[in-house]
Amino acid sequence: MKIASVVLAAGQGVRMKTQLPKVLHPLVGKPMVLYVLDTMRALECEPTILVIGHGAAQVRATLSNFPMPHLQFVEQREQLGTGHAVLQARAALQGKADAVLVCYADMPLVRAETLQQLIQRHQTTGATITMLTLIADDSMAFGRIVRDAEQRVVGIVEERDATPEQLAIRELNGGIYCFDAEWLWEHLTQLQPNARNGEYYLTDLVELAARTSRRIEAIVSRDANEMLGINTRVQLAQAEKVMRERINTAQMLAGVTLIDPATTYIEPDVQIGMDTVIEPNTHLRGKTRIGANCRIGPNTIIRDSEVGDDCVILASDITESRIADHVRIGPFARIRAGTVLARAVYIGNFGEVKNSSVGEGTHIGHFSYVGDAELGARVNIGAGTITCNYDGKHKHRTVIHDDVFIGSDTMLIAPVTIGARARTGAGAVVNKDVPPDSLAVGVPARVIRKLAHRG
Ligand code: UD1
Ligand code: CA
């Protein structure tokens with residue numbers, strides 16, 4: 001059976017009180033709409049139609065690089081209700097699938113397995129509508145499921161339209177359905193506007209199907225978390241907590257130790273190797289990949305970076321960098337974009353490295369700025385060393401070859417190159433290249449002697 005899907009995302013999200021389209025609000029670092037789209041991709045729903053309206057241009061722009069070839073956008077110019085929203089997808093979908101899965105972009109916690117179950121039930125029963133319902137004490141303002149004496153679903157009534165008896169019903173409409181495609185397209189146009197607010201309710205299709213004795217199936221869930229819809233920032237924070245717990249649980253089950261999951265913030269696309277320990281108040285963001293057997297944190301933020309195996313990173317901030325195995329960083333280091341650290345590099349307290357490559361075994365122990373530089377292997381950068389890379393207009397490069405010893409508080413006025421095995425004296429201000437195997441001292445630095453070859 002071929003399943004297409006429609007994801008509704010046209011609503012304004014008035015209760016968010018926001019300029020940003022609601023579905024672009026980040027949930028654990030990622031726009032919330034991406035969660036449902038990821039799920040649609042996992043289920044291979046093709047095509048998937050995203051119905052957009054409020055902030056349509058911004059939503060399109062945000063999704064322009066989303067790798068989902070079967071994603072199409074359809075605009076609902078006026079938000080006339082969920083039935084009207086689904087109808088907008090008809091032209092794109094009619095004749096292209098046997099069943100249509102409908103869900104909302106503001107319900108990011110629905111699991112792929114649950115939807116898979118829904119699709120399965122739909123296929124095996126041949127139902128006209130298969131829906132997801134929830135039994136919960138807190139109604140969350142959801143529609144109520146009305147069943148007849150034989151327990152067959154015969155309708156859905158919205159909270160605002162419900163009688164007192166209907167309000168007491170504990171079975172709620174999750175808002176997720178699988179429809180027989182042909183029946184859906186034929187009957188959507190028969191919806192009548194709601195008498196109170198003029199909206200076309202998708203939910204009215206259930207009564208329509210029941211009246212004509214079509215088969216309606218319901219999968220009943222008791223997991224209110226999964227069905228949490230985000231309408232306010234309070235619900236956004238609730239969803240954030242649930243999603244974060246899911247991610248942390250999956251990491252732990254895959255062999256990562258989280259000392260305190262409650263204060264560990266791992267975004268959904270982060271990968272972590274086995275036996276790595278994540279200490280409290282650590283934030284791993286974006287497309288970060290951490291190797292095996294590392295110790296990360298406490299108090300560390302790593303964004304869009306790769307970290308090798310057996311690394312120790314303490315109380316540091318790392319962005320868009322590549323870090324090899326056995327590297328030690330921190331406490332209080334800042335590794336900025338474009339940095340590549342080779343194996344066994346050590347960056348100590350208050351070291352800042354930007355757009356630089358640092359060779360194997362090199363040490364930058366204390367209070368240094370290394371920017372736009374290329375450092376060889378086994379270099380020692382003395383405390384307080386600065387690459388003066390910016391002349392007020394342009395950035396210049398500093399090149400330091402293997403086995404160099406830079407004395408404490410050296411200023412390297414770029415562009416400048418320090419040859420292999422050279423040394424600078426403490427406080428040197430180096431504004432000319434230093435040849436290999438020589439010692440340069442003073443302000444400005446001069447070569448005062450050649451150094452014996454150190455074996
Ligand atoms: C809907 C259901 C309700 C269910 C609840 C579950 C209807 C009439 N009611 O109510 O039974 O319990 O979801 O969450 O369907 N949207 C559009 N275009 C529109 C209207 C809505 O794209 O014209 C989108 C919204 O952006 C939102 C979703 O559809 O993502 C749901 O709309 P909303 O108005 O929030 O419906 P509910 O009142 O929550
Ligand atoms: Ca809603």
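Note that ligands are numbered from 1 as they come in the structure, with each ligand's atoms numbered from 1 the same way.
- Every N/O-N/O distance between Tyr177 and ligand 1 stays at or above 3.5 Å.
- By the 4.0 Å N-to-carboxylate-O rule, Asp304 lies too far from Arg285 to be salt-bridged with it.
- Ring-plane geometry between His394 and His396 is classed as perpendicular, the angle between the planes exceeding 60 degrees on a 0 to 90 degree scale with a lower cut at 30.
- At a threshold of 4.0 Å, the pair Lys354-Glu352 does not count as salt-bridged, since none of the basic side-chain nitrogens sits closer than that to a carboxylate oxygen.
- Those atoms of ligand 1 with a heavy atom of Leu80 less than 4.0 angstrom away are 23 (O).
- Ion pair Arg303/Asp317 flagged as a salt bridge, since at least one NZ, NE, NH1 or NH2 atom sits closer than 4.0 Å to an Asp/Glu carboxylate oxygen.
- A salt bridge links Glu306 and Arg289; the closest N-O separation between the charged side-chain nitrogens and carboxylate oxygens is under 4.0 Å.
- In the vicinity of Asp106, heavy-atom distances shorter than 4.0 Å reach the ligand 1 atoms 27 (C), 30 (O).
- The residue from Thr82, Asn231, Asp161, Thr133 that puts a heavy atom closest to atom 21 (C) of ligand 1 is Thr82.
- Residue Tyr104 places at least one N or O, backbone or side chain, under 3.5 Å from an N or O of ligand 1.
- Where the criterion is an N or O separation shorter than 3.5 Å, residue side chain and backbone included, Gly143 meets it with respect to ligand 1.
- Around atom 16 (N) of ligand 1, the closest heavy atom drawn from Gly11, Gly83, Ala141 belongs to Gly11.
- Qualifying ring pair (Phe, Tyr, Trp, His ring centres under 6.0 Å) partners for His84, counting only residues two or more places apart in sequence or in other chains: none.
- Of the possible polar contacts, one joining the Asp98 side chain to the Lys2 backbone as a donor-acceptor pair under 3.5 Å is found.
- The shortest heavy-atom distance from Gly81 to ligand 1 is under 4.0 Å.
- In terms of the side chain to side chain contact (heavy atoms under 4.5 Å, CB included) criterion, residue partners of Val242 (sequence neighbours excluded) are, by chain and number, Leu109, Asn225, Arg246.
- For the pair Lys30 and Tyr35, the distance from NZ or CZ to the six-membered ring centre is under 6.0 Å and the angle to the ring normal is within 45 degrees.
- Near Phe142, meaning under 4.0 Å from one of its heavy atoms, ligand 1 places the atoms 6 (C), 12 (O), 14 (O).
- Below 4.0 Å from some heavy atom of Tyr201 lie the following atoms of ligand 1, by number and element: 8 (C).
- Ligand 1 places these atoms under 4.0 Å from at least one heavy atom of Leu8: 22 (O), 24 (C), 29 (O), 30 (O).
- Note: no N/O pair closer than 3.5 Å links Ile156 and ligand 1 by distance alone.
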Worksheet entry | Evaluation steps, side-chain hydrogen bond (donor to acceptor under 3.5 Å, both in side chains), between Thr282 and Glu279 | CA-CA 6 Å; Thr282 292; Glu279 302 258 17; over 6 Å; no

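- Using a 4.0 angstrom heavy-atom cutoff, His84 does not count as in contact with ligand 1.
- Residue contacts with ligand 1: Asn173 is placed with a nitrogen or oxygen under 3.5 Å of a nitrogen or oxygen of the ligand (distance criterion only).
- Between Glu158 and ligand 1, an N or O atom pair is found at a separation short of 3.5 Å.
- The Thr203 neighbourhood of ligand 1 comprises atoms 7 (C), 8 (C), 9 (N), 11 (O), 15 (O), with distances under 4.0 Å to a heavy atom of that residue.
- Listed by number with element, the atoms of ligand 1 under 4.0 Å from a non-hydrogen atom of Ala9 are 22 (O).
- Polar contact with ligand 1: absent for Ala85 (N/O pair, distance under 3.5 Å).
- Among Met131, Gln76, Lys22, the residue whose heavy atom sits closest to atom 18 (N) of ligand 1 is Gln76.
- The existence of a salt bridge linking Arg144 and Glu159 is confirmed by a sub-4.0 Å separation between a basic side-chain nitrogen and an acidic carboxylate oxygen.
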